[in-house]
Number of protein chains: 2
Amino acid sequence: MPNEIKETNTVKQVRHQPAKLDDVDRRILGILAQDSSRSYVDLGQELHLSAPAVHDRVKRLKRDGVIKATVAKIDGCKVGRTLLAFVLVNTKNVVSTKRLLSLGNLPEIEEMHTVAGDSGVLLKVRVRETEGLEDLLGKLQDIEGVDGTRSYIVLSTFVERGPDPGE
Amino acid sequence: MPNEIKETNTVKQVRHQPAKLDDVDRRILGILAQDSSRSYVDLGQELHLSAPAVHDRVKRLKRDGVIKATVAKIDGCKVGRTLLAFVLVNTKNVVSTKRLLSLGNLPEIEEMHTVAGDSGVLLKVRVRETEGLEDLLGKLQDIEGVDGTRSYIVLSTFVERGPDPGE
DNA sequence: CCTGAAACGCATAAGGA
DNA sequence: TCCTTATGCGTTTCAGG
């Protein structure tokens, strides 16, 4: 049952305890964030460490949830989703926001966040054509309590990556 | 030289030729988009295929650019970036947009898109604290030709994934 | 937390239906 | 495009510092 909204899909913007990370950990994260197929031997050479040492660290980073998963990055255009857009959705109240969130399993929706400010929900959506966006906006506006939407069609993407481990 | 803006980092929103994909390809993409660490033996059992057959398909999907990379998903909070926000940046003209794009290598910036509509650029940023956002907004507004910014602070994230291979 | 050695399983190539 | 077979490498475990 993929793409189903479960409790665990929700990532509350609470202040998690940041994990204790040293410089080597952050370098590992920086490398794996770009390419998780690198071998431990390979990483070990770059970091002047043995393969098992790297493995231990990666294992710990996964166990602590710093690395949430390793995933394949798919080209939206190549799978037929040629149009990327961000949609701000105004909702009247919390109840209508909840109704909106139940649409999170739609395959067009890549990201769904509640945001502060007048608009209640921000969506990142990837659709087949402008028609697909029209359909989606229709679904959104059918929801009771949804005041209106504001769409930003993406022309070009210049950066698209995960969090920087920094420091 | 990580996080450096290169030609290849730019993903123009041109209509790529969608790759020819059958149902099995899409199922593979769907699985690997969630967990790329699954073994070919494992995938083969789920798809009723031999491991090398799966491997051949994955190899082709990578060669054709459908799978752009396999990466580790990092928890922003766990690495100390507790505040997620989207920033719409109004730019006067194309020249100021270009100046803005040169900031793409800042570690706080996860996504940078040019968008249609009155606002020129949309940013997804992940910072340490509100202070970090303030710093970033300062940098943006220092750019000549940047009219103003509008920020949407994320309260909760309900969906965050890649493109759905669909069909 | 690390190293080094050793065992196991998987990725990968080859060849054929 | 798929299968089976076979091999080498990487992952993973373990003992030890």
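Every chain is numbered from 1, with letters handed out A, B, ... down the list of sequences.
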- May I ask you to verify if any side-chain N or O of R38(A) is less than 4.0 angstrom from the OP1 or OP2 atom of dG10(D)? no

- Are any of K59(B)'s side-chain N or O atoms less than 4.0 Å away from OP1 or OP2 of dA13(C)? yes

- Task: Mind calculating the distance between OH (Y40(A)) and P (dA11(C)) to the nearest angstrom?
- Result: 13 Å

- Side chains of T149(B) and Q141(B), donor plus acceptor under 3.5 Å: yes

- Query: Of all heavy-atom pairs between R126(A) and G76(A), which one has the smallest distance, and what is that distance?
  - Reply: CD-CA, 3.7 Å

- Note on the structure: Judged by nearest nucleotide, the residue sitting upstream toward the 5' end of DNA chain C, A53(A) or V41(B), is A53(A)

- Task: Whole angstrom is fine here: how far is it from CG in D56(A) over to P in dC14(D)?
- Result: 12 Å

- Calculate the interatomic distance between R57(A) atom CZ and dT11(D) atom P; express it in whole Å. 17 Å

Result block: side-chain N/O donor-acceptor pairs under 3.5 angstrom for residues 52-63 of chain B, not counting sequence neighbours:
{"unit_1": "R57(B)", "atom_1": "NH1", "unit_2": "D22(B)", "atom_2": "OD1", "d": "3.0"}
{"unit_1": "R57(B)", "atom_1": "NH1", "unit_2": "D22(B)", "atom_2": "OD2", "d": "3.1"}
{"unit_1": "R57(B)", "atom_1": "NH1", "unit_2": "D25(B)", "atom_2": "OD1", "d": "2.8"}
{"unit_1": "R57(B)", "atom_1": "NH2", "unit_2": "D22(B)", "atom_2": "OD2", "d": "3.2"}
{"unit_1": "R60(B)", "atom_1": "NH2", "unit_2": "D25(B)", "atom_2": "OD1", "d": "2.9"}
{"unit_1": "R60(B)", "atom_1": "NH2", "unit_2": "D25(B)", "atom_2": "OD2", "d": "3.1"}

- Message: Using whole Å, what does the distance between atom P of nucleotide dT12(C) and atom CZ of R60(B) come to?
- Response: 16 Å

- Task: Return the value, rounded to whole Å, for the distance between atom CG of L43(A) and atom P of dG10(D).
- Result: 12 Å

- Please check if the distance between the ring centroids of H113(B) and Y152(A) is under 6.0 Å. no

- Classify the nucleic acid contact of S39(A) as base, sugar-phosphate or nothing, counting any heavy atom under 4.0 Å across all strands shown. sugar-phosphate

- May I have the distance from L47(B) (atom CG) to dC3(D) (atom P), rounded to whole angstrom? 10 Å

- Message: Expressed as a whole number of angstroms, how long is the span from Q45(A):CD to dC2(C):P?
- Response: 17 Å

- Query: Between H55(A) and dT12(D), does any side-chain N or O lie under 4.0 Å from OP1 or OP2?
  - Reply: yes

